[in-house]
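Quick caveat: nothing in here was measured; it's all calculated off a predicted structure.
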Amino acid sequence: MGGMSPLFRRAAAGARERLVTLVRKPGCHLCDDAQQVVEKVCGELGVAWESKDITQDEELNRLYWEQIPVVLIDGAQHTFWRVDPERLRKALK
């Protein structure tokens, strides 16, 4: 799955160790769109991010199946379906 490069890990140390999690499923067009926004914003801000496949995690499936893609910041739900880059950027600053 998409994930965290060493560059993101190093940059995250200067960004209060924030972690953005994209909960997605394979073959999901909205998930692809959300990942592009997450990659761009996290890359600009030096924030670590990860991608989790909802079909491989029973708990995530139970919590978020009807909302995917879902973006979590430090484990707390930030948004679902469509990711607004400005809103994400503000939440991470």
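- Partners of Q36 by side chain to side chain donor-acceptor pair (under 3.5 Å), not counting sequence neighbours: none found.
- Residues forming a salt bridge (Lys or Arg N to Asp or Glu O under 4.0 Å) with D84 (at least two apart in sequence, or on another chain): none.
- Evaluation of the side chain to side chain donor-acceptor pair (under 3.5 Å) rule for D57 yields no partner, not counting sequence neighbours.
- L30 forms part of no hydrophobic cluster, judged by ILVMFWY side-chain heavy-atom separations under 4.5 Å.
- Contact annotation: the side chain of I73 approaches that of L88 to within less than 4.5 Å [non-hydrogen atoms, C-beta and beyond].
- Judged as a side-chain contact (heavy atoms from CB on, under 4.5 Å), and not counting sequence neighbours, E58 has no contacts.
- Residues passing the salt bridge (Lys or Arg N to Asp or Glu O under 4.0 Å) test with E86 are R89, sequence neighbours excluded.
- The shortest heavy-atom contact between Q35 and S51 is OE1-OG, 4.2 Å.
- Between V70 and Q77, some side-chain heavy-atom pair lies under the 4.5 Å cut-off.
- Under the rule for a side chain to side chain donor-acceptor pair (under 3.5 Å), Q56 has no partner lying at least two apart in sequence or in another chain.
- Between the CD1 atom of I68 and the SG atom of C28 there is a distance of 5.0 Å, given to the nearest 0.5 Å.
- Evaluation of the side chain to side chain donor-acceptor pair (under 3.5 Å) rule for E59 yields R62 as partners, not counting sequence neighbours.
- The shortest side-chain heavy-atom distance between V71 and V38 falls under the 4.5 Å cut-off.
- T21 meets the side-chain contact (heavy atoms from CB on, under 4.5 Å) test with L19, V23, E50, K52, L72; sequence neighbours excluded.
- In terms of heavy-atom proximity, W81 sits nearest to E66 at NE1-O, 3.4 Å.
- Here the CG atom belonging to L92 is positioned 5.5 Å from the CZ atom belonging to R18, to the nearest 0.5 angstrom.
- Side-chain contact check for R24 versus D32: some heavy-atom pair is nearer than 4.5 Å.
- Listed here is the closest heavy atom pair of C42 and V20: SG-CG2, 3.6 Å.
- Listed here is the closest heavy atom pair of Q67 and F80: O-CB, 3.2 Å.
- Side chain of R87 to main chain of H78: a donor-acceptor pair is present (N/O by atom type, distance under 3.5 Å, no hydrogens or angles).
- Using a 4.5 Å cut-off on side-chain heavy atoms (C-beta onward), P69 and L22 make contact.
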